[in-house]
Amino acid sequence: RPEVFFPLKLFICHRCFLVQIDEVKKSEEIFSREYIYYSSFSTSWVEHARRYVDMIADRFDLNNNSLVIEIASNDGYLLQHVKEKNIPCLGIEPSQGVADAARDKGIETRTEFFGRKLARELARTGQKGDLLVGNNVLAHVPDINDFVKGLKIALKENGVITLEFPHLMRLIDQTQFDTIYHEHYSYFSMQTVVKIFEHHGLAIFDVEELPTHGGSLRIYARHVEDSSKPVTKAVSNLMDRENSQGLNRPSCCRNFQTDVNKIKDDLLSFLIKQKRLGKTVAGYGAAAKGNTLLNYCGIRKDLLMFVADASPHKQGMFLPASHIPVVHEKEIKRIKPDYILILPWNIKEEIIEQLEYIQQWDGRFILPIPELEVA
């Protein structure tokens with residue numbers, strides 16, 4: 001059957017400076033069916049979650065009388081660490097397969113989308129959270145107001161919300177255009193998130209800048225009525241930095257397309273040159289961001305022979321549009337390609353360490369973003 005293609009266009013609001021794409025596929029169609037992203041296949045991400053749980057349990061004195069609710073809990077990569085501390089927890093995950101993987105770890109999981117409706121049910125049944133966690137879920141929400149209002153409803157009187165999401169300022173600075181794809185409806189600056197939360201009676205009282213996903217924010221929020229957690233200077237400092245970089249003006253994205261095109265030209269030129277020299281190039285990591293990169297650049301099987309991935313849920317499949325096969329990592333050892341194009345560059349350290357054996361045949365790594373680098 002003919003393959004279906006969807007437009008991928010970025011829009012910016014001139015009033016609140018929220019950056020969004022058009023909704024071309026309903027979230028139910030993307031996340032409810034055969035969703036094949038399992039967080040636990042990234043060892044660095046699981047370790048990131050473990051460190052977070054240690055920190056948050058200590059900072060807010062979570063114990064066996066607390067309730068931790070994670071929204072978009074995936075396969076239990078984070079809540080397994082909460083469970084180890086004997087802190088009661090609940091996962092909310094709309095994708096059946098990954099939710100089942102979490103249940104196999106003994107984590108109670110509801111297979112539903114989070115919003116006002118579910119939050120009211122949780123509140124009615126006495127399941128308000130002392131801690132609401134959402135890592136890389138805010139961007140995936142098509143109705144941001146319904147989601148944040150749900151947070152307000154599901155949070156205990158003195159509870160805390162922490163959310164992690166890629167930072168728009170880093171996306172623009174580093175030309176991380178491959179982070180833009182149809183699962184990500186929105187792209188956030190700190191000042192935009194503050195406005196959204198204030199609108200729903202929530203106050204952001206602290207923020208951390210993280211290296212994950214090319215540069216993310218971890219925000220800490222509470223009810224506006226909760227005076228026990230004063231707003232730290234980190235919040236205003238970050239907003240001042242965003243303003244100094246123009247994130248409060250529509251022109252902030254003015255040069256973005258030009259920078260994207262340079263990445264495309266540089267990568268294509270490099271791959272074509274290697275093909276003419278008789279070199280072989282494979283990819284690693286069948287990540288969603290990789291499809292944005294490959295399809296925008298027009299890279300097909302003639303330039304990239306295959307993509308290896310650690311997840312058995314992806315092996316044996318083909319990348320959409322490019323039809324590049326996804327294979328087991330053993331193919332790298334068998335073929336011995338001259339170059340490995342790292343598609344999930346946000347975990348490049350983990351991948352380079354994992355594949356260090358390519359040095360045995362003088363193999364090298366290609367990092368396309370923020371600018372072409374051969375390591």
Side-chain angles (χ1 to χ4, degrees), residues 3 30-31 33-49 72 74-77 93 95-102 104 135-136 140 166 176 178-184 212-214 267 271 280-297 299-359 361 363-369 375:
E3 202 161 3
I30 295 176
F31 299 110
R33 298 181 182 176
E34 294 295 321
Y35 190 61
I36 59 173
Y37 177 72
Y38 287 68
S39 297
S40 292
F41 283 104
S42 171
T43 55
S44 60
W45 186 242
V46 173
E47 175 60 18
H48 171 77
N74 202 265
D75 60 2
Y77 76 101
E93 172 52 58
S95 303
Q96 187 67 51
V98 289
D100 287 341
D104 289 342
N135 288 350
N136 296 315
H140 294 74
Q176 298 168 354
D178 58 344
T179 304
I180 301 163
Y181 48 88
H182 296 108
E183 287 180 28
H184 289 172
T212 52
H213 296 281
L267 180 57
L271 294 177
T280 52
V281 184
Y284 188 89
K289 57 164 41 98
N291 290 313
T292 297
L293 176 74
L294 297 176
N295 286 321
Y296 185 72
C297 294
I299 295 169
R300 300 292 183 263
K301 289 185 290 184
D302 58 331
L303 296 178
L304 196 67
M305 56 199 311
F306 61 78
V307 171
D309 196 277
S311 173
H313 304 281
K314 298 181 180 182
Q315 294 162 8
M317 303 290 189
F318 295 85
L319 297 184
S322 66
H323 298 173
I324 296 169
V326 183
V327 302
H328 193 280
E329 184 190 323
K330 64 185 179 183
E331 285 299 293
I332 294 177
K333 297 177 180 178
R334 187 177 73 84
I335 300 294
K336 295 181 172 61
D338 298 293
Y339 295 94
I340 299 290
L341 174 63
I342 297 179
L343 296 174
W345 45 261
N346 53 296
I347 54 171
K348 62 184 179 182
E349 291 86 1
E350 175 185 338
I351 294 171
I352 289 173
E353 181 179 356
Q354 178 184 334
L355 305 182
E356 63 178 352
Y357 56 80
I358 73 168
Q359 297 175 7
W361 58 83
R364 302 179 72 184
F365 296 100
I366 306 168
L367 297 163
I369 291 175

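For clarity, every value in this text was computed on a predicted model and none was experimentally measured. Note that the numbering runs from 1 along the sequence shown for the chain. When reading the values below, keep in mind they use all heavy atoms of this one structure, side chains included, and skip hydrogens, waters and symmetry mates.
Listed for the T280 side chain is a donor-acceptor partner under 3.5 Å among the backbone atoms of D338. Q315 contributes no side-chain N or O that, together with a main-chain N or O of V326, makes up a donor-acceptor pair within less than 3.5 Å. For the pair S95 (side chain) and G97 (backbone), a donor-acceptor distance under 3.5 Å is absent.
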- Task: Any chance you could lay out the side chain to side chain contact (heavy atoms under 4.5 Å, CB included) test for K289 and L343, step after step, and finish with the verdict?
- Result: CA-CA 7 Å; K289 57 164 41 98; L343 296 174; 5.8 Å; no

- Task: In sequence, state the C-alpha distance, the side-chain angles, and the governing distance for W345 and D178, and then conclude on side chain to side chain contact (heavy atoms under 4.5 Å, CB included).
- Result: CA-CA 10 Å; W345 45 261; D178 58 344; 2.6 Å; yes

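Residues S311 and D309 come closest through the heavy atom pair N-OD1, 2.8 Å. Of all heavy-atom pairs between L303 and V281, the closest is O-CB, 3.7 Å. Nearest heavy-atom pair, H323 versus F318, reported as atom, atom and distance to 0.1 Å: O-CD2, 3.3 Å. Closest approach of L267 to P368, counting heavy atoms only: CD2-CB, 4.2 Å. Closest non-hydrogen pair, Q176 versus G214, comes out as NE2-O, 2.9 Å. The shortest non-hydrogen separation linking A287 to P344 is CB-CB, 4.0 Å.
Atom CZ in R364 sits 5.5 Å away from atom OH in Y339 (nearest 0.5 Å). To the nearest 0.5 Å, atoms CG (L271) and SG (C297) are separated by 8.5 Å. Interatomic distance, NE2 of H140 versus NE2 of H184, reported as 3.5 Å (0.5 Å rounding). Summarising the geometry, atom CG belonging to L341 is positioned 6.5 Å from atom CG belonging to L293; distances are rounded to the nearest 0.5 Å. Once rounded to the nearest 0.5 Å, the distance linking CD1 of I342 with CD1 of I347 reads 9.0 Å. Distance CD/E93 to CG/D100: 10.0 Å, rounded to 0.5 Å.
No option in N295, L319, I324 other than N295 meets the side-chain contact (heavy atoms from CB on, under 4.5 Å) test with R300. Across N136, T179, N135, a single residue satisfies side-chain hydrogen bond (donor to acceptor under 3.5 Å, both in side chains) together with H213, and that is N136.
Between the side chains of S44 and E349, no donor N or O sits under 3.5 Å from an acceptor N or O.
The cationic group of K333 does not satisfy the cation-pi geometry with W361, failing either the under 6.0 Å distance to the six-membered ring centre or the 45° limit from the ring axis.
Annotation: side chain of I340 is not in contact with side chain of I351 (no heavy-atom distance under 4.5 Å). In this structure, the side chains of I332 and V327 stay at 4.5 Å or more apart for every pair of heavy atoms. Put simply, the side chain of E329 reaches to within 4.5 Å of the side chain of Y284, judged on heavy atoms. No side-chain heavy atom of D75 sits less than 4.5 Å from a side-chain heavy atom of D104.
Applying the side chain to side chain donor-acceptor pair (under 3.5 Å) test to E331 and every residue at least two apart in sequence or in another chain returns R334.
Heavy-atom neighbours of E3 CD from other residues, nucleotides or ligands within 6.0 Å: above the threshold of 12.
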